[in-house]
Participant: 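Have a look at this one before I ask anything.
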Amino acid sequence: QVQLVETGGGLVQAGGSARLSCAASGHTFSLYSMGWFRQAPGKEREFVAGISWSDNMTVYADSVKGRFTTSRDNAKSTVYLRMDSLKLEDTAVYYCAASRYSTAWGSEWKYDYWGQGTQVTVSS
């Protein structure tokens with residue numbers, strides 16, 4: 001079992017920045033690829049970013065490419081999502097997820113564990 005806890009959400013002004021953290025416990029963190037997803041009100045959950053477990057390869061949704069950066073610190077069992085140039089449409093609940101696949105990316109079915117989510121609200 002892996003437990004995931006996201007922190008760092010909150011209210012941010014448009015154009016501003018925020019960093020989400022996802023702390024993992026319960027298993028060997030370095031063996032899991034990690035993903036970030038988000039769900040806005042009335043919309044389906046969507047893939048935001050992913051990072052592999054072996055070589056830190058990253059992939060981003062087109063909507064966040066160039067603005068968001070994901071990274072991981074295996075020594076701290078934590079994955080991060082740095083969000084810059086935030087837009088109103090980035091408002092959502094953000095979830096991190098862990099997968100035993102080396103590169104799960106946007107395939108939700110490949111993820112074994114999910115965090116509870118953290119709200120990010122971008123205001124004008």
Side-chain angles (χ1 to χ4, degrees):
Q1 279 281 42
V2 174
Q3 293 79 43
L4 303 173
V5 178
E6 303 100 333
T7 56
L11 182 64
V12 186
Q13 281 198 323
S17 299
R19 189 179 79 159
L20 305 183
S21 299
C22 173
S25 62
H27 210 269
T28 306
F29 176 73
S30 60
L31 296 180
Y32 290 84
S33 65
M34 302 297 294
W36 289 96
F37 293 79
R38 67 185 181 186
Q39 187 167 22
K43 295 188 177 181
E44 293 188 354
R45 189 163 57 190
E46 64 175 357
F47 172 74
V48 175
I51 185 166
S52 65
W53 64 267
S54 58
D55 55 5
N56 286 344
M57 184 187 305
T58 56
V59 169
Y60 299 92
D62 287 343
S63 59
V64 306
K65 201 171 293 182
R67 300 188 298 120
F68 289 14
T69 304
T70 188
S71 60
R72 65 190 297 161
D73 185 338
N74 288 341
K76 296 183 178 180
S77 297
T78 301
V79 63
Y80 304 97
L81 183 66
R82 169 76 180 189
M83 305 182 292
D84 296 315
S85 303
L86 282 162
K87 304 176 180 180
L88 297 178
E89 52 264 41
D90 294 319
T91 294
V93 176
Y94 284 73
Y95 300 89
C96 68
S99 170
R100 284 168 287 186
Y101 286 86
S102 60
T103 53
W105 302 149
S107 300
E108 290 195 28
W109 65 270
K110 289 184 178 180
Y111 289 89
D112 304 286
Y113 305 101
W114 293 80
Q116 83 288 350
T118 186
Q119 176 72 46
V120 174
T121 302
V122 183
S123 65
S124 58

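Quick note: numbers below take in every heavy atom, side chains included, and nothing from hydrogens, waters or symmetry partners. Residue numbers count from 1 along this sequence.
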Participant: Of all the heavy-atom pairs spanning Ser124 and Ala14, show the shortest one and how long it is.
Facilitator: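 What the structure gives for the nearest pair is CA-CB, 4.5 Å.
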Participant: Indicate yes or no: at least one non-hydrogen side-chain atom of Leu20 is less than 4.5 angstrom from one of Glu6.
Facilitator: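 In short, these two side chains do not touch, never coming nearer than 4.5 Å.
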Participant: Would you say Val59 and Leu81 are hydrophobically clustered, going by side-chain heavy atoms of ILVMFWY under 4.5 Å?
Facilitator: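 Cluster IDs for Val59 and Leu81 differ.
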Participant: Count the heavy atoms belonging to other residues, nucleotides or ligands that lie under 6.0 Å from CD of Gln13, then report whether that count exceeds 12.
Facilitator: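 At most 12 heavy atoms, drawn from other residues, nucleotides or ligands, come within 6.0 Å of this atom.
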Participant: If I take atom OG1 from residue Thr58 and atom CD1 from residue Ile51, how far apart are they, to the nearest 0.5 angstrom?
Facilitator: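 It comes to 6.5 Å.
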Participant: Tell me, do Arg19 and Ser21 make a side-chain contact under 4.5 Å, heavy atoms counted?
Facilitator: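 In short, these two side chains touch, coming nearer than 4.5 Å.
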Participant: Which pair of heavy atoms, one from Gly50 and one from Thr70, lies closest together, and at what distance?
Facilitator: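 Looks like O-CG2, 3.7 Å.
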Participant: Side chains of Arg38 and Thr91: closer than 4.5 Å at any heavy-atom pair?
Facilitator: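 Side chain of Arg38 against side chain of Thr91, heavy atoms only: no contact under 4.5 Å found.
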Participant: Would Ser33 and Thr103 count as a side chain to side chain contact (heavy atoms under 4.5 Å, CB included) here? Give the steps.
Facilitator: CA-CA 6 Å; Ser33 65; Thr103 53; 5.8 Å; no
Participant: Tell me whether Lys65 at atom NZ has more than 12 heavy atoms from other residues, nucleotides or ligands lying less than 6.0 Å away.
Facilitator: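 Correct, the count exceeds 12.
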Participant: Could you give all pairs that pass the ring pair (Phe, Tyr, Trp, His ring centres under 6.0 Å) test and reach residues 78-112, with sequence neighbours left out?
Facilitator: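 Pairs touching residues 78-112 that pass the test: Phe37-Tyr111, Tyr101-Trp109, Tyr111-Trp114.
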Participant: To the nearest 0.5 Å, what is the distance between OH on Tyr60 and CZ on Phe47?
Facilitator: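 Going from the OH atom of Tyr60 to the CZ atom of Phe47 covers 9.0 Å.
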Participant: Same cluster or not: Val93 versus Leu88, using hydrophobic residues (I, L, V, M, F, W, Y) connected whenever any side-chain heavy atoms lie under 4.5 Å apart?
Facilitator: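 The answer is no; the residues belong to distinct hydrophobic clusters.
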Participant: I need the Ser102 OG to Lys110 NZ distance, nearest 0.5 Å.
Facilitator: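 Ser102 OG to Lys110 NZ: 8.0 Å, rounded to 0.5 Å.
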Participant: Could you list the residues that satisfy side-chain contact (heavy atoms from CB on, under 4.5 Å) with Leu11, not counting sequence neighbours?
Facilitator: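 So Leu11 forms a side-chain contact (heavy atoms from CB on, under 4.5 Å) with Thr121, Ser123.
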Participant: Within the structure provided, determine whether Trp53 and Arg72 are in side-chain contact (heavy-atom separation under 4.5 Å).
Facilitator: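 Counting from C-beta outward, Trp53 and Arg72 do come under 4.5 Å.
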Participant: Could you pull out the closest heavy-atom pair between Asp84 and Ser17, with the gap in Å?
Facilitator: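 It is OD1-OG, 2.7 Å.
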Participant: Using a 4.5 Å cut-off on heavy atoms from C-beta on, say whether the side chain of Phe29 contacts that of Met34.
Facilitator: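 Met34 vs Phe29: side chains touch.
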Participant: The test is side chain to side chain contact (heavy atoms under 4.5 Å, CB included); show your working for Tyr32 and Arg100 and say whether it passes.
Facilitator: CA-CA 5 Å; Tyr32 290 84; Arg100 284 168 287 186; 3.3 Å; yes
Participant: At their closest point, which heavy atom of Val79 faces which heavy atom of Ser71, and how far apart are they?
Facilitator: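 Val79 and Ser71 have their closest heavy atoms at CG2-O, 3.1 Å.
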Participant: Just wondering, do Met83 and Val120 contact through their side chains at under 4.5 Å, heavy atoms?
Facilitator: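 Yes, their side chains come closer than 4.5 Å.
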